[in-house]
Chemist: 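Dropping the structure in here first, questions after.
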Amino acid sequence: MIGKVLNKIKNNKGFVVINALFFVLYSLICFVNHYNFRTYALDLGIYTRAVYDYAHFHFNYCEIFKPQSENILGDHFDLTLMFFSPLYWVFGNVTLLVVQIVAIHFGAFGFYKLAQSNNLSKKIALWVSVVFLSSFGVFSAVAFDYHSNVVAACFLPWFVLFFKQEKYLKSTIIFVLILVAKENMALWLFFICTALLFMEKGKSKRKAAIIFSFFSLLYFYVIIFFIMPALSLCKSYNHFEFHALGNSFKEVFFTIIQHPLQAISLLFENNTLKDGLNYIKTETWLFWLISGGFLIFYRPIFLWMLIPIMMQKMYHDDYVKWSISGQYNIEFAPLAAWCLIEVVKSIKNDRKQIWVTSVTAILCFTATIRLCDNTVSFVDKARIRFYQKSHYQSDFNIKEVYAVMNKIPKDAIVSAEGMFVPHLIDRKTVYLYPIVKNAQYILLSDDIHSYPLDIKNMLKQIDSLCLSPKWHHSPLNNHLYLFEIIEKH
């Protein structure tokens with residue numbers, strides 16, 4: 001058994017070396033960020049707490065960031081956290097960071113196998129995996145906490161591979177894993193499966209594509225309009241934020257049908273009154289084109305699969321969603337790698353195949369370097385520039401912060417600033433300040449990253465707590481403030 005594994009590694013050493021290199025790069029980004037308190041309650045903290053609760057056989061009720069208890073499935077319908085929860089006992093509060101990196105490499109391996117299944121050489125398959133691994137969508141996601149849509153997107157090559165091979169049991173398992181990762185994945189799957197209906201020949205494949213398409217659309221409808229509203233306090237879907245086109249999904253749909261030119265122009269235009277946002281959408285389109293998007297001109301069917309991704313980005317009320325930062329671009333990476341395979345397999349000349357794949361990989365690197373260098377959209381450079389000294393430096397005295405945290409009992413109820421929350425998950429209850437409720441301890445700082453408060457309001461809150469007879473202030477260095485409630489006797 002060991003001999004077979006070693007032999008496979010030897011036969012695919014190029015792939016192993018490349019993945020090892022990217023594993024180091026991803027680790028230098030996300031684990032260093034976490035250690036230096038550059039991961040936050042939103043979103044690593046809330047998801048890790050859900051994993052913690054599931055590992056203890058409890059549901060999660062969003063106590064970290066919502067004043068009233070609400071099942072986290074009413075906020076985002078993500079069942080994969082339940083599957084990953086046993087890993088908490090091994091990896092603790094970095095569980096989801098480990099899961100995310102492993103998922104990315106699992107996706108790269110999927111594209112390596114998918115390329116070879118299309119009769120492409122190992123060299124071409126290696127370049128395809130590099131295109132995926134080096135995508136700006138992957139790097140921006142790794143630099144920004146954890147999100148289940150990253151994991152879901154990395155399952156895509158395996159779904160396509162098993163579907164093409166007519167291994168429908170395996171493809172169904174992967175299909176379900178993507179489906180339950182996040183509610184919006186179902187809509188993307190509908191577009192993917194309908195594309196496969198036209199891309200693949202054979203009666204059984206087309207029948208399977210129709211079934212997958214129907215089920216994904218049905219799942220999306222039931223989850224968005226029935227299940228999540230039933231779990232939500234407001235009795236509606238919490239994340240409808242597309243008011244430029246209407247006040248409901250129904251209005252958005254009819255606006256697109258009745259006013260297609262308006263809908264198309266909104267994909268490119270700044271629909272706010274803020275001039276500083278004028279070029280954010282343009283930048284995202286350019287990054288997409290450079291990172292393999294230009295291949296769509298050779299395989300237009302992939303434009304169909306891009307529709308739900310661009311619509312949920314560019315129609316969103318929040319301009320951050322339009323941008324190249326965060327996890328909002330992860331779906332570009334698997335689509336680019338898959339499209340590259342479809343384009344290259346139609347090229348008969350080996351040299352041209354190498355030329356197309358290598359140029360695409362170089363362009364992906366170029367976009368990612370630009371992401372780290374200078375962008376129109378705000379990208380926290382300290383979180384992504386793994387090659388600079390500042391990335392490895394924290395705004396805090398790290399040893400002191402961890403020492404302070406260790407003073408807080410495990411059975412204590414804590415309210416803490418965002419960057420401290422992911423490290424306090426194993427306390428009895430943890431809140432994102434300014435939610436206090438029944439907290440016994442409050443841990444704050446005068447760091448500028450004080451969301452949801454701005455730094456000015458945070459400093460006022462700290463001054464008020466220092467003067468309050470209800471809280472005992474422990475004198476600390478390095479701009480830290482630990483408050484312990486004064487018990488009444």
Chemist: Checking Thr255 now: which residues fulfil side-chain hydrogen bond (donor to acceptor under 3.5 Å, both in side chains) with it, not counting sequence neighbours?
Modeler: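 Once residues adjacent in sequence are excluded, Thr255 has no partner under the side-chain hydrogen bond (donor to acceptor under 3.5 Å, both in side chains) criterion.
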Chemist: Specify whether Tyr112 and Phe15 have parallel, tilted or perpendicular ring planes, treating 30° as the upper limit for parallel and 60° as the lower limit for perpendicular.
Modeler: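 Because their plane-to-plane angle is under 30°, the rings of Tyr112 and Phe15 count as parallel.
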Chemist: Less than 4.0 Å between a side-chain N and a carboxylate O, is that true for Glu269 and Lys281?
Modeler: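 No, this pair does not count.
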Chemist: Does Trp338 use its side chain to pair, donor to acceptor, with the backbone of Phe302 at less than 3.5 Å?
Modeler: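 Pair absent, no side-chain N/O of Trp338 close to backbone of Phe302.
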Chemist: Can you list the residues that meet the side chain to side chain contact (heavy atoms under 4.5 Å, CB included) rule with Lys389, with sequence neighbours excluded?
Modeler: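 Result, side chain to side chain contact (heavy atoms under 4.5 Å, CB included) vs Lys389: Gln393.
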Chemist: Looking at side-chain heavy atoms only, is the closest gap between Phe155 and Pro334 below 4.5 Å?
Modeler: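 In short, these two side chains do not touch, never coming nearer than 4.5 Å.
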Chemist: Return yes if some donor-acceptor pair links the side-chain N/O of Gln353 with the main-chain N/O of Ile347 below 3.5 Å, else return no.
Modeler: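 The answer is yes, because a donor-acceptor pair under 3.5 Å joins these two groups.
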Chemist: So, for Phe287 and Phe332, is the gap between ring centers shorter than 6.0 Å?
Modeler: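 They do not qualify: ring centres at least 6.0 Å apart.
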Chemist: Which residue in the set Phe396, Tyr35, Phe420 passes ring-ring contact (aromatic ring centres under 6.0 Å, His included) when paired with Tyr402?
Modeler: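 Among Phe396, Tyr35, Phe420, the one that satisfies the ring-ring contact (aromatic ring centres under 6.0 Å, His included) with Tyr402 is Tyr35.
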Chemist: Would you say Ser117 and Gln165 are linked by a side-chain donor-acceptor pair, where the criterion is simply a distance under 3.5 Å?
Modeler: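 Judged by distance alone, the side chains do not pair up.
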Chemist: Could you tell me whether the side chain of Thr48 and the main chain of Pro422 form a donor-acceptor pair under 3.5 Å?
Modeler: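 Checked: no pair found.
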Chemist: Could you tell me whether Phe162 and Tyr168 have their ring centroids closer than 6.0 angstrom?
Modeler: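 Here the rings of Tyr168 and Phe162 have centres that are no less than 6.0 Å from each other.
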